[in-house]
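Read through the structure below, which is laid out as structure tokens, and then see the notes.
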Amino acid sequence: MIIFHIDANSAYLSWEAALRLEQGARTDLRNIPSVIGGDPEKRSGIVLAKSIPAKKYGVKTGETLYEARQKCPELTVIPPNYDLYLKCSNAMYEMLCLYSSKVQRYSIDECFLDYTESEKIFGRPIDAALTIKERIKSELGFTVNIGISANKLLAKMASEFEKPDKIHTLFPEEMEFKLWPLPIEDLFMVGRATSKKLRKININTIGELAHTNVLYLKTLLKSHGIVIWNYANGIDYSPVHNNDEIIQKGLGNSTTIPFDITNREEAYMFLLALTERVSMRLRSFNCLCSLISVSIKTDSFIRYSHQAKLNTPTDSTTGIFNSVKKLFNEVWKCEPIRHLGIRVSEFISKDFYQLSFFDSTENSQNLDRTIDMIRKKYGDRSLVRSCFIHSNISPFQGGVNEEDYPMMSSLL
DNA sequence: TCTGGGGTCCTAGGACCC
DNA sequence: TCTGGGGTCCTAGGACCC
């Protein structure tokens with residue numbers, strides 16, 4: 001098996017930089033301290049992506065813009081542009097599909113490519129990787145790292161090595177000197193909580209983890225211990241999945257409100273706007289959902305959630321909203337609300353669920369379908385609930401409006 | 001902390017059944 | 001009830017990824 005992992009370098013920032021150059025900008029954002037960041041006014045002021053010069057000031061992804069500016073006062077901050085990112089992501093994916101029939105989109109800026117069968121057509125893996133990397137640079141305007149190995153895990157680890165615009169291999173025989181000296185935090189699936197536990201028992205490098213008794217790890221970390229022990233030893237048999245093989249398990253939208261919500265009616269407005277987005281996405285999947293969940297984050301950052309299973313699966317905006325209101329009322333403890341979220345899951349394909357027994361729902365189904373068609377043709381704002389018209393609240397809340405595609409299973 | 005939004009998977013505890 | 005054991009389902013929360 002020969003697997004490539006292709007990772008766009010500081011994706012959001014590079015894509016914005018490439019667009020601006022194309023539009024005639026004189027400075028390349030990648031060459032100055034810059035970040036893609038949210039808006040502190042809307043209480044979403046965090047760093048989403050950073051340039052390499054910004055990184056040299058110690059700016060980190062996920063920290064607040066306030067902190068980032070403390071480290072680098074002359075930081076250029078650019079708001080995110082998700083439509084652009086989707087276009088760039090699609091372009092990269094389509095380019096990769098020219099080199100293999102097995103390409104898995106792992107996230108907006110990462111793909112796995114199974115090169116095993118491609119070797120007889122395109123030659124040595126290293127040469128093909130170089131061709132792909134250079135084509136993306138010259139034709140799409142941004143750089144990528146490509147990791148090459150015998151499985152997805154090692155390919156992904158390899159692409160994390162020196163950046164940007166680099167190709168690295170990490171074959172099993174290279175683990176000892178390329179992978180094992182690295183700190184455990186660098187290993188895929190070792191996050192904050194796990195690294196803290198590992199460091200506590202004096203496991204500090206990936207190599208030390210690889211040489212720890214796996215049964216001991218299991219008592220400490222349950223099944224997760226076995227997962228990371230395998231990864232530390234470069235063991236991973238997961239295949240590269242084409243996108244159509246991946247079934248999405250759930251979908252949701254959430255939003256941080258620019259102010260704290262303190263009354264029920266206001267909360268309902270945001271919940272309705274979120275339900276509009278979630279239910280439209282659900283219907284675009286041609287699925288019904290059986291589980292609905294509402295989550296709340298309070299002004300003091302306490303999160304809690306409440307879910308319920310439906311007796312009758314649904315995809316109706318009104319049906320989902322009624323459940324959402326009920327769940328919200330059952331769980332809200334009247335604290336000021338900072339953030340609201342809705343998610344639906346336990347999908348049933350509409351093709352396998354005949355609604356003929358429930359003819360009374362036909363009308364509302366037709367209504368939802370008609371609304372979806374009008375919005376698709378004339379834009380989401382062409383048809384909105386009247387309760388939003390004289391409010392300052394957007395009738396849709398939540399980010400995903402473009403064509404959905406399944407990504408990011410935490411199993412590689 | 002001026003602290004996002006979209007996902008997946010796992011686990012613990014309780015309810016319920018035989 | 002001073003009572004058991006095993007299975008399944010449901011729920012809430014946490015860990016991880018980008």
Side-chain angles (χ1 to χ4, degrees), chain A residues 5 7-8 10-12 35-49 60-70 77 79-80 82 85-86 89 105-111 152-153 156 159-160 185 187-198 218 221-228 231 238 246-258 274 277-278 281 290-310 327 330-331 338-346 397-402 404-412:
Chain A
H5 179 255
D7 189 337
S10 4
Y12 291 1
V35 297
I36 304 295
D39 181 357
E41 293 272 296
K42 292 181 185 155
R43 309 204 291 186
S44 62
I46 64 155
V47 173
L48 297 165
K60 294 194 180 93
T61 304
E63 74 183 354
T64 60
L65 289 177
Y66 174 80
E67 289 170 303
R69 278 197 255 251
Q70 295 272 310
V77 181
Y82 293 102
Y85 308 155
L86 217 45
S89 175
R105 231 169 157 150
Y106 183 66
S107 74
I108 195 145
D109 62 348
E110 290 176 36
C111 290
K152 288 162 78 178
L153 181 274
K156 183 161 167 59
S159 70
E160 297 293 309
E185 288 78 14
L187 185 64
F188 181 68
M189 290 304 280
V190 175
R192 228 182 39 201
T194 306
S195 85
K196 202 175 150 193
K197 288 181 194 166
L198 291 174
K218 195 184 173 188
L221 302 167
K222 315 277 176 204
S223 66
H224 192 60
I226 298 174
V227 171
I228 61 171
Y231 288 173
S238 64
I246 301 170
I247 4 121
Q248 193 161 337
K249 305 280 171 42
L251 71 88
N253 286 101
S254 65
T255 189
T256 293
I257 297 112
L274 285 163
R277 181 65 73 210
V278 166
R281 291 174 64 200
S290 307
L291 190 70
I292 300 181
S293 127
V294 170
S295 62
I296 295 171
K297 181 155 73 183
T298 69
D299 62 335
S300 41
F301 279 82
I302 294 162
R303 326 179 89 265
Y304 52 84
S305 64
H306 190 36
Q307 69 182 51
K309 195 160 180 175
L310 303 177
L327 288 165
E330 284 167 358
V331 77
R338 179 189 175 91
H339 173 107
L340 284 170
I342 295 174
R343 69 181 290 109
V344 294
S345 54
E346 297 195 2
Q397 297 282 335
V400 182
N401 16 357
E402 297 291 313
D404 282 314
Y405 47 85
M407 292 190 299
M408 280 283 299
S409 165
S410 51
L411 299 173
L412 289 173

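Residue numbering restarts at 1 for every chain, and letters A, B, ... go by the order of the sequence lines. Computed from a predicted structure; not experimentally measured.
- Along DNA chain B, the nucleotide nearest to K222(A) and the one nearest to T256(A) differ in position, and the one closer to the 5' end is contacted by T256(A).
- Under 4.0 angstrom from either OP1 or OP2 of dG5(B) there lies at least one side-chain N or O belonging to H339(A).
- Nearest to the side chain of R192(A), among dC16(C), dT11(B), dT1(B), sits dC16(C).
- Contact between the side-chain N/O atoms of R338(A) and the OP1/OP2 oxygens of dT3(B) is found at a separation under 4.0 Å.
- Counting to the nearest Å, the P atom of dA15(C) and the CG atom of L221(A) are 12 Å from each other.
- If you check every strand for non-hydrogen atoms under 4.0 Å, K156(A) touches sugar and phosphate atoms only.
- At dC16(C), one or more side-chain N or O atoms of T194(A) fall inside 4.0 Å of OP1 or OP2 (strictly under the cut-off).
- With sequence neighbours left out, the side-chain contact (heavy atoms from CB on, under 4.5 Å) criterion links K218(A) to I226(A).
- Taken to the nearest 0.5 Å, the CD atom of Q397(A) stands 10.0 Å off from the OG atom of S254(A).
- The stretch residues 300-309 of chain A comes close to DNA chain C through Y304(A), S305(A), H306(A), Q307(A), K309(A), each having a heavy atom under 4.0 Å from the strand.
- Nucleic acid contact for T255(A): sugar-phosphate only, since backbone atoms but no base atoms lie under 4.0 Å from a heavy atom of the residue.
- By the salt bridge (Lys or Arg N to Asp or Glu O under 4.0 Å) test, K156(A) pairs with E110(A), sequence neighbours left out.
- We find that CD of E41(A) is positioned 10 Å from C1' of dC2(B), with the value rounded to whole Å.
- In DNA chain C, runs of at least 3 consecutive Watson-Crick or G-U pairs, each pair with both distances below 3.5 Å, span B:5-18 with C:5-18.
- Across the protein-nucleic acid pair, I108(A) atom CD1 and dC17(C) atom C1' stand 14 Å apart, rounded to whole Å.
- Among the protein residues, G62(A) comes within range of no part of the nucleic acid, since none of its heavy atoms lies under 4.0 Å from any strand.
- In this structure, the OH atom of Y231(A) is 14 Å from the C1' atom of dA15(C), given to the nearest Å.
- To the nearest whole angstrom, the two C1' atoms, one in dC17(B) and one in dG4(C), are 14 Å apart.
- Contacts of R69(A) classified as salt bridge (Lys or Arg N to Asp or Glu O under 4.0 Å), with partners at least two apart in sequence or in another chain: none.
- Of the candidates dC2(B), dG4(B), dT1(B), dC2(B) carries the atom nearest the Y66(A) side chain, counting heavy atoms from C-beta on.
- When the P atom of dG5(B) is taken as reference, atom CD1 of I342(A) falls 14 Å away, rounded to whole Å.
- For E41(A), there are no salt bridge (Lys or Arg N to Asp or Glu O under 4.0 Å) partners at least two apart in sequence or on another chain.
- Side-chain N/O atoms of S89(A) and R105(A) include a donor and acceptor closer than 3.5 Å.
- Ring geometry, Y12(A) versus Y82(A): the interplanar angle exceeds 60°, so the pair is classed perpendicular (tilted spans 30 to 60°).
- Distances from the side chain of L291(A) to the nucleotides dC17(C), dT11(C), dC2(B) place dT11(C) closest.
- Backbone-only contact: E110(A) has heavy atoms under 4.0 Å from sugar-phosphate atoms and none from a base.
- Atom NE2 of H224(A) and atom P of dC17(C) are 7 Å apart (whole Å).
- Rounding to the nearest 0.5 Å places CD1 of I46(A) at 5.0 Å from CG of L48(A).
- Between S159(A) and H5(A), the shortest heavy-atom distance links the atoms OG-ND1, 2.7 Å.
- Atom CG of L251(A) is separated from atom P of dG6(B) by 10 Å (rounded to the nearest Å).
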Derivation and outcome, side chain to side chain contact (heavy atoms under 4.5 Å, CB included), residues Q307(A) and L327(A): CA-CA 7 Å; Q307(A) 69 182 51; L327(A) 288 165; 5.6 Å; no
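- Here N253(A) reaches the OP1 or OP2 of dG6(B): one of its side-chain N or O atoms lies under 4.0 Å away.
- Each of S254(A) and G45(A) has a nearest nucleotide on DNA chain B; the 5'-most of these lies closest to G45(A).
- Dashed line: the shortest gap from a side-chain N or O of S44(A) to OP1 or OP2 of dG5(B) is not under 4.0 Å.
- Here the side chains of L86(A) and I108(A) are in contact, with some heavy-atom distance below 4.5 Å.
- The residue L65(A) sits apart from the nucleic acid: no heavy atom pair falls under 4.0 Å.
- For dC2(B), neither phosphate oxygen OP1 nor OP2 lies less than 4.0 angstrom from any side-chain nitrogen or oxygen of R69(A).
- Within the 4.0 angstrom heavy-atom criterion, only backbone atoms of the sugar-phosphate kind lie near G191(A); the bases stay farther away.
- The shortest distance between the side-chain N/O atoms of S107(A) and the OP1/OP2 oxygens of dG6(B) is not below 4.0 Å.
- Atom pair D109(A):CG and dC17(C):C1' shows a separation of 11 Å (rounding to whole Å applied).
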